[in-house]
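Worksheet: the structure to be examined is printed underneath.
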Amino acid sequence: MKQNTLKKEFVNTLIWENARISNDFIFGKVMQDAALCKELLQIILPDLTIDHIEYKALLIYSFLIKENIIKN
């Protein structure tokens, strides 16, 4: 049993060590953090000056209702 656990931990470590921004989970987490999001956008769009990142809670709320994740 212990060997199985070690094997799973090793595989999980390899997955995270090789995770890149193209990974949906990683991308989503970066986009949720305003500082990281701004930094990534500045790298992608170096000629654009980004003053701040603004999240539109209403859009997220509307999406959650539309997808029946929450009730209105």
Side-chain angles (χ1 to χ4, degrees):
M1 186 73 165
K2 186 175 182 176
Q3 187 177 5
N4 239 1
T5 303
L6 290 175
K7 191 183 288 186
K8 285 180 184 178
E9 287 178 14
F10 177 73
V11 169
N12 287 337
T13 300
L14 284 178
I15 290 169
W16 281 112
E17 285 179 354
N18 293 303
R20 303 287 182 254
I21 194 64
S22 60
N23 176 288
D24 287 341
F25 179 80
I26 300 294
F27 183 81
K29 287 298 183 184
V30 169
M31 292 296 115
Q32 289 175 1
D33 183 293
L36 290 175
C37 179
K38 182 179 175 185
E39 186 177 344
L40 177 63
L41 291 173
Q42 285 293 179
I43 291 168
I44 295 169
L45 306 163
D47 296 333
L48 183 66
T49 301
I50 300 172
D51 180 50
H52 68 282
I53 300 296
E54 187 174 317
Y55 295 95
K56 301 288 185 179
L58 185 57
L59 292 175
I60 295 168
Y61 181 72
S62 297
F63 172 79
L64 294 175
I65 290 173
K66 179 183 168 200
E67 296 298 318
N68 294 317
I69 296 170
I70 61 171
K71 303 262 187 223
N72 189 359

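What you see below is based on every heavy atom in this structure, not just the backbone, and it leaves out hydrogens, waters and symmetry mates.
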task: Flag yes if more than 12 heavy atoms outside Q42 fall under 6.0 Å of its CD atom; otherwise flag no.
output: yes
message: Quick check: closest heavy atoms across C37 and I53, and the distance to 0.1 Å?
response: SG-CD1, 4.1 Å
task: Treating Ile, Leu, Val, Met, Phe, Trp and Tyr as nodes and any side-chain heavy-atom pair under 4.5 angstrom as an edge, say whether I43 and L48 lie in one connected cluster.
output: no
- line: For P46 and I44 the tightest heavy-atom approach is CD-O, 3.2 Å
field: Euclidean distance, I21 CD1 relative to M31 CE, rounded to 0.5 Å
entry: 6.0 Å
V30 side chain reached by E39 side chain, heavy atoms, under 4.5 Å: no
